[in-house]
*Asks:* 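Before I ask anything, let me first share the structure, which is written out below as structure tokens.
Just so we're on the same page: letters track the sequence lines, and every chain starts at 1.
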Amino acid sequence: MHAGEQHGSGANDLWVVLIPLSAFALLAWGLTAYSLPWTFALPWAPSLGIELAFHIDGLSAQMLALITGIGVLVFTYACGYLAGKPRRGRVYFVLPLFMLAMMGAVSADDVILLFLFWEMTSITSFLLVGFNHEDPHARASARQALLITMGGGLAMLGGLLLLAQMAGVYTLSGIIAAAPGFMDDPRLHLAITLVLLGAFTKSAQFPFHFWLPNAMSAPTPVSAYLHSATMVKLGIYLMLRLDPAFNDLLFWEVLLVGTGAITALWASVLALRERDLKRILARSTVAALGTLTLLVGLPSPGAGLAAVAFLFAHAVYKAPLFMVAGNIDHATGTRIIDKVTGLRRYMPWSAAAALLAGLSMAGLPLAFGFVSKDLMSIAKSEADLLALLSWTLVLVNATAVAVAAVAAVRVFWGRVETPIGPVREVPWTMLAPPLFIALLGIEFEIVPHLADPLLIAAAGVVSPDLRSVEISASYDLSTLFSALGLTAGIGILLYIAWDRLHDRLHRIHWLDRYGPEATYDFLLHGLARLAAWHTRALQHGRLSGYLRLTLAALIAITVFAAWQGEGRLTVDGYWPDHAWAWLVACSVMLAGALSTLFLQDRLALLMASGLVGYGAALLFLFAGAPDLAFTQFMVETILVVVAAAVLPRFGADPYRAEGTRWGDLALAVAAGLGVIALLLHLQGFPVDSTLPEWFAGQALPAAQGHNVVNVIIVDFRALDTLGEIAVVAFSLLAALPLLRRDKGARDHAERAGNPP
Amino acid sequence: MNLLLILTLGIGVAAGVYLMLSRDLFRLVVGLAILGSLANMILFMGGRPGSLIAPVIEKGAEGLPAGFADPLPQALTLTAIVIGFALLAFALVLAARAARNGADPDRLRASEPKPHEAVKPPIEDW
């Protein structure tokens with residue numbers, strides 16, 4: 001999008017807003033008409049204990065309200081943002097799909113169902129991040145998001161199944177209810193780790209935090225919806241959901257608090273390294289997600305409330321900030337914070353929305369962010385946090401203040417240094433949503449009874465011990481000045497020193513070379529290289545190499561079978577009257593086979609191979625198989641004649657005097673020995689004569705045939721014989737064009753004056 | 001006596017395999033022909049050949065005389081002989097054509113797209 005380029009407000013596309021709007025209306029009506037929780041179940045795979053079970057309690061209702069409510073505004077925003085863009089229909093298709101998947105994920109009770117919806121959000125996220133699929137960077141980001149979140153999803157499936165096995169039920173509510181019963185199960189820690197892998201990857205926790213900033217290649221409505229307000233909260237949701245079961249478990253607490261603290265701190269540091277407004281916001285989203293994880297991990301009941309409130313507050317201030325970042329991009333063509341400044345003159349409404357949302361993000365009074373910050377400090381004091389952790393949170397919140405200042409103040413209120421061309425305010429469809437959500441954040445603080453019941457219901461699910469709560473903040477001056485004043489003070493210092501800190505951090509290059517993202521790239525490229533290497537190693541294009549490998553494998557299998565098998569090598573001393581005929585047949589075959597080793601001339605070779613066939617025919621004749629003998633004689637004769645006819649086409653023989661290939665000889669001898677061993681082994685087994693007796697008995701009465709072999713072929717196994725005929729016909733059909741085109745090429749060459 | 005046959009088959013298979021491993025396509029086909037004949041024999045061995053009496057019911061007789069040769073492996077072998085013939089005939093023509101076009105059996109990838117061709121981007125760009 002270039003500066004000044006306008007495509008109208010996209011009001012024609014506004015019908016898509018009906019989708020989230022109707023869902024939101026339905027939810028609002030349900031919440032007023034029926035009391036929570038709502039449950040709904042349909043049998044799906046009863047034999048496996050899996051059903052389409054939904055369970056909507058306070059937590060689910062809060063998430064649903066967020067998904068549909070923010071959805072209404074994001075869809076509106078998307079209409080303006082995508083106006084005039086090609087392929088925007090895809091977004092209008094995938095975005096509602098994503099919304100449905102999210103709604104399913106937060107209301108599913110069955111763990112399999114949860115997994116399905118969970119992965120559906122990953123897939124739709126992949127499609128949305130890769131919307132600009134002509135941009136290789138967008139493709140790489142989409143793939144990264146998909147691989148990481150889906151890999152985590154698979155781990156989560158394993159963990160959920162383990163939990164379900166331990167609990168004996170496949171529903172989340174059942175697992176939570178049965179949790180006290182399996183606290184001593186040795187598989188518990190493995191199950192928790194696996195489930196948390198899913199939650200951590202989805203919510204971009206360290207060390208999987210890097211996919212979220214990269215996912216900013218998505219169109220801005222997608223970033224605002226998926227990557228700040230809803231999808232990344234899914235991991236938090238799952239942790240909140242399972243928190244009542246594992247709240248007292250030290251393992252759970254340490255993992256959540258530790259990961260959350262590291263994520264929050266590290267993301268705050270990385271936020272200072274970015275210049276792209278959207279990426280700065282994404283880093284601060286990761287920091288917020290880390291803070292949420294930490295809050296869920298805290299064992300005190302107030303922490304659950306704080307987490308629920310912060311989750312809500314974050315969605316309400318981060319979504320408008322993303323939208324404002326999109327507006328800036330839309331109007332100026334850049335999101336680099338050095339290039340845009342003083343935009344308030346051109347974009348007053350965007351500036352207002354940014355300021356309102358920024359107030360909330362900084363946690364200043366009169367904004368909902370303040371309430372959540374207040375609850376957080378209460379939770380911290382309740383939980384008796386380590387001092388280190390406390391300071392971590394202060395730093396993280398201070399960075400949030402600085403980021404809010406960058407997004408709301410720096411780009412809009414800074415000095416205008418250089419004119420950036422014609423900049424116009426974006427259409428109303430892109431202004432109303434951020435303004436509305438940001439105002440909502442303020443309004444919830446002033447009129448608390450609109451949001452509080454929902455939050456309290458949600459918090460009650462997370463912490464059943466919670467008795468009575470008061471969400472509206474108490475304007476206690478001492479609180480204001482001690483905790484929040486400190487955070488705000490540090491935040492303002494960070495904001496002032498932003499450029500200097502950025503330069504320092506930006507120069508630390510090893511951060512790019514090592515770390516999780518570099519490891520991801522290394523593994524991904526390593527996988528491709530491994531595949532390329534082993535394909536080249538196996539598909540090397542040398543025919544003899546393929547044959548050697550195949551033979552060696554066959555021999556190895558034979559040796560293994562002989563070694564493991566039960567029978568033993570058996571030699572019988574049977575010597576009938578017609579043994580002389582067998583002797584002759586074997587001599588002919590041996591003579592043919594052995595002479596191929598010494599003959600150099602191709603025609604002589606062909607004749608020698610013919611000897612082997614004739615020897616076999618002779619043997620058939622003296623083994624009670626006249627049909628086989630005749631067929632073999634005929635086939636061998638035709639083959640030798642045809643081969644002799646084709647022989648000139650092979651041209652000169654460059655391999656006449658190749659010399660002895662000792663390696664091949666060794667392999668050949670091994671193959672021969674393998675066959676001998678196999679046949680000797682075979683002799684040890686008794687013959688089952690049921691089938692021959694049956695065929696012999698049925699040939700005359702059932703098939704009216706005297707020759708039992710023929711009867712088997714054309715009657716009992718007629719279909720098989722039909723297939724055989726087809727094979728012969730097809731091979732002929734395949735061979736004919738090869739022969740003919742050869743002739744055509746010769747004619748062509750002759751016409752061109754080059755005798756072949 | 002079966003031992004004699006078994007030894008013959010083993011030696012024959014060795015000779016066939018040795019021929020197949022040659023770089024010459026014609027020798028490969030000849031090796032395939034020898035291996036094919038011997039494989040049919042091995043299949044036939046499943047019925048423990050030894051009887052001279054063909055499984056053919058005499059005119060007027062009710063059934064086969066005692067000690068008849070096993071008809072089932074014979075039927076299977078017969079099918080195998082014909083299929084083997086079809087395979088060999090095709091292999092022969094194919095090899096002849098490949099040899100005529102100057103195909104090198106040790107450079108079977110020669111006709112694949114090169115790394116710099118657009119159909120197959122090189123690994124490095126993946």
Side-chain angles (χ1 to χ4, degrees), chain A residues 528 532 541-544 547 571-572 574-575 578-579 582 586 589-590 593 596-597 602 605 609 612-613 616 623-626 628 631-632 635 643 646 649-651 655 664-665 668-669 671-672 675-676 679 687 691-692 695-696 700 706-709 712-713 724 727-728 731 734-735 738-739 742, chain B residues 1-6 8-15 17-21 23-24 26 30 33-34 37 41 45 48-57 63-64 69-72 74-75 77-79 81-83 85-86 88-90 92-93 96-97 99-100 105-109 123 126:
Chain A
R542 289 187 302 281
L543 187 59
S544 51
L547 280 174
V571 180
D572 63 350
Y574 179 65
W575 193 260
H578 56 274
W582 282 45
C586 286
M589 279 199 276
L590 267 182
T596 57
L597 297 180
R602 279 170 163 174
L605 260 178
S609 85
V612 177
L628 266 65
T631 315
Q632 181 78 42
V635 160
V646 176
R649 289 173 181 244
F650 277 88
Y655 307 104
D664 293 348
L665 195 63
V669 169
V675 167
I676 291 172
L679 286 172
V687 187
L691 273 176
F695 281 124
L700 199 53
H706 287 271
N707 186 335
V708 181
V709 176
I712 292 177
I713 287 179
E724 175 204 338
V727 169
V728 176
S731 79
L738 283 177
L739 285 169
D742 205 23
Chain B
M1 193 185 71
N2 278 338
L3 181 65
L4 176 72
L5 184 55
I6 288 169
T8 307
L9 288 180
I11 294 167
V13 165
V17 166
Y18 184 74
L19 274 178
M20 274 195 85
L21 291 175
R23 277 173 55 106
D24 180 20
F26 185 74
V30 171
I34 292 176
S37 299
M41 287 298 302
M45 290 287 288
R48 310 295 192 283
S51 166
L52 258 179
I53 307 162
V56 178
I57 302 167
L64 287 174
D70 192 340
L72 189 59
Q74 289 194 21
T77 309
L78 197 59
T79 309
I81 290 173
V82 179
I83 297 262
F85 168 68
L88 264 178
F90 182 66
L92 195 66
V93 175
R97 183 162 177 84
R100 196 178 173 77
D106 278 359
R107 287 179 62 244
L108 290 184
R109 306 188 67 115
I123 302 299
W126 195 78

*Asks:* Taking every non-hydrogen pair under 4.5 Å, which of B:S37, B:P71, B:A89, B:A69 racks up the most with chain A?
*Replies:* B:P71
*Asks:* Which one wins on heavy-atom pair count under 4.5 Å against chain A: B:I83, B:T77, B:L19, B:T79?
*Replies:*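 The residue among B:I83, B:T77, B:L19, B:T79 with the greatest pair count is B:T79.
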*Asks:* Counting heavy-atom pairs under 4.5 Å to chain A, which of B:L78, B:V17, B:L88, B:V13 comes out on top?
*Replies:* B:L78
*Asks:* Quick one: which of A:A623, A:A616, A:A593 has the most heavy-atom pairs under 4.5 Å with chain B, could you say?
*Replies:* A:A623
*Asks:* Look at A:I676, A:L700, A:V687 and state which one has the largest set of heavy-atom pairs under 4.5 Å with chain B.
*Replies:*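 Among the listed options, the one with the most contacts to chain B is A:I676.
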*Asks:* Name the region of A:L597, side chain, backbone, both or neither, that has any atom closer than 4.5 Å to a heavy atom of chain B.
*Replies:*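 Side chain of A:L597 only, per the 4.5 Å heavy-atom cut-off to chain B.
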*Asks:* Taking atom CG of A:L665 and atom CG of B:L21, what is their separation to the nearest 0.5 Å?
*Replies:* 10.0 Å
*Asks:* Measure distances from A:F650 to the heavy atoms of chain B and classify the residue's part below 4.5 Å as side chain, backbone, both or neither.
*Replies:*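 Answer is both: backbone and side chain atoms of A:F650 are under 4.5 Å from chain B.
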*Asks:* Between A:H706 (side chain) and B:I57 (backbone), is there a donor-acceptor pair under 3.5 Å?
*Replies:*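 Yes, the answer is positive, given that a donor and an acceptor are paired below the 3.5 Å cut-off.
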*Asks:* Just give me the residue among B:L9, B:L92, B:V30, B:I11 that pairs up with chain A most often, heavy atom to heavy atom, under 4.5 Å.
*Replies:* B:L92
*Asks:* Using non-hydrogen atoms and a 4.5 Å limit, figure out which bit of A:L679 sits close to chain B: side chain, backbone, both or neither.
*Replies:* both
*Asks:* Among B:G12, B:P55, B:A33, which residue forms the greatest number of heavy-atom pairs with chain A at distances under 4.5 Å?
*Replies:*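 It is B:P55.
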*Asks:* Distance from A:L628 atom CG to B:M41 atom CE, nearest 0.5 Å?
*Replies:*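 Atom-to-atom, A:L628:CG and B:M41:CE are 9.5 Å apart.
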*Asks:* What residues, two or more places apart in sequence or in another chain, satisfy side-chain hydrogen bond (donor to acceptor under 3.5 Å, both in side chains) together with A:D664?
*Replies:*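 A:D664 satisfies side-chain hydrogen bond (donor to acceptor under 3.5 Å, both in side chains) with A:R548, A:R661 only.
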*Asks:* Are the side chain of B:Q74 and the backbone of A:V708 linked by a donor-acceptor contact shorter than 3.5 Å?
*Replies:* no
*Asks:* Only counting residues at least two apart or in another chain, list the ones meeting ring pair (Phe, Tyr, Trp, His ring centres under 6.0 Å) with B:F85.
*Replies:* none
*Asks:* Drop me the distance from B:L4's CG to A:L590's CG, to the nearest 0.5 angstrom.
*Replies:* 7.5 Å
*Asks:* Would you mind checking which part of A:V669 comes under 4.5 Å of any heavy atom in chain B, side chain (CB onward), backbone (N, CA, C, O), both or neither?
*Replies:*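 It is the backbone, since no side chain atom gets that close.
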*Asks:* Please round to the nearest 0.5 Å and tell me the distance separating atom CH2 of A:W582 and atom OG1 of B:T8.
*Replies:*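 Answer for the CH2-OG1 pair, A:W582 versus B:T8, is 10.5 Å.
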